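These numbers were taken from a predicted model, which means no experiment stands behind them.
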Amino acid sequence: MTELRCEMEEEHAGLHVAAVRLLDNSPPETVWTQWADWRDPQTVLVLRDCADGDGRPSSGDDDWCTLFADHPGNCSFDLVDPEHEEFLAANPAYRHLFERGRPSGSAADLDARPKDSPTD
């Protein structure tokens, strides 16, 4: 079974959520799964992507919120996952696996793996 990690900020109220698949829809949508503490996911939802701040942080970085519309708490670009950052610092060749690019007005799946990247 794939290990899921909640994508919401720590100490959030309600169910945990993880993105399962980006859809090629307009407006952009993503398939999410959700679960309660200590339980396996049993629900799958298709939710519109967050568009707060036009999906971009005020800093002007080329980033957007990867959560769903009307999510509680902060947008993903304001969250830091210390374990994720530690992994990427030790394994920079994997960084591209966590960078999602979406053309304007539609959703696209994860970018293709560069030819010089390590295999899983």
* Heavy-atom donor-acceptor pair, Thr30 side chain to Leu22 backbone, under 3.5 Å -> no
* Donor-acceptor contact below 3.5 Å, side chain Ser76 vs main chain Thr66 ->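 Yes; judged by distance alone, with no hydrogens or angles, the pair exists.
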* **Spacing of NE2 belonging to His71 relative to CG belonging to Asp49, to within rounding of 0.5 Å** =>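 Answer rounded to 0.5 Å: 10.0 Å.
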* Asked: Got a second to check how far Leu79's CG is from Cys65's SG, nearest 0.5 Å?
  ->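 Leu79 atom CG to Cys65 atom SG measures 8.0 Å (nearest 0.5 Å).
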Following the transitive rule for hydrophobic clusters with a side-chain heavy-atom cut-off under 4.5 Å over Ile, Leu, Val, Met, Phe, Trp and Tyr, establish whether [X] and [Y] coincide in one cluster.
| X | Y | value |
| --- | --- | --- |
| Val46 | Val20 | yes |
| Val44 | Leu23 | yes |
| Leu47 | Leu67 | yes |

* May I ask you to test the His12-Pro72 pair for a side-chain heavy-atom distance under 4.5 Å? => no
Using every non-hydrogen atom in the two residues, find where [X] and [Y] come nearest and quote the distance to one decimal.
| X | Y | result |
| --- | --- | --- |
| Ala18 | Arg5 | CB-O, 3.8 Å |
| Glu7 | Ala19 | OE2-N, 2.7 Å |
| Pro41 | Leu4 | CG-CD1, 3.4 Å |

* Asked: Is Glu86 atom CD crowded by more than 12 heavy atoms from other residues, nucleotides or ligands, each under 6.0 Å away?
  ->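 No, because the 6.0 Å sphere around CD of Glu86 holds 12 heavy atoms or fewer from other groups.
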* Asked: So Trp35 and His16, would you call those rings parallel, tilted or perpendicular, with 30° and 60° as cut-offs?
  ->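 Geometry flag for His16 against Trp35: tilted rings.
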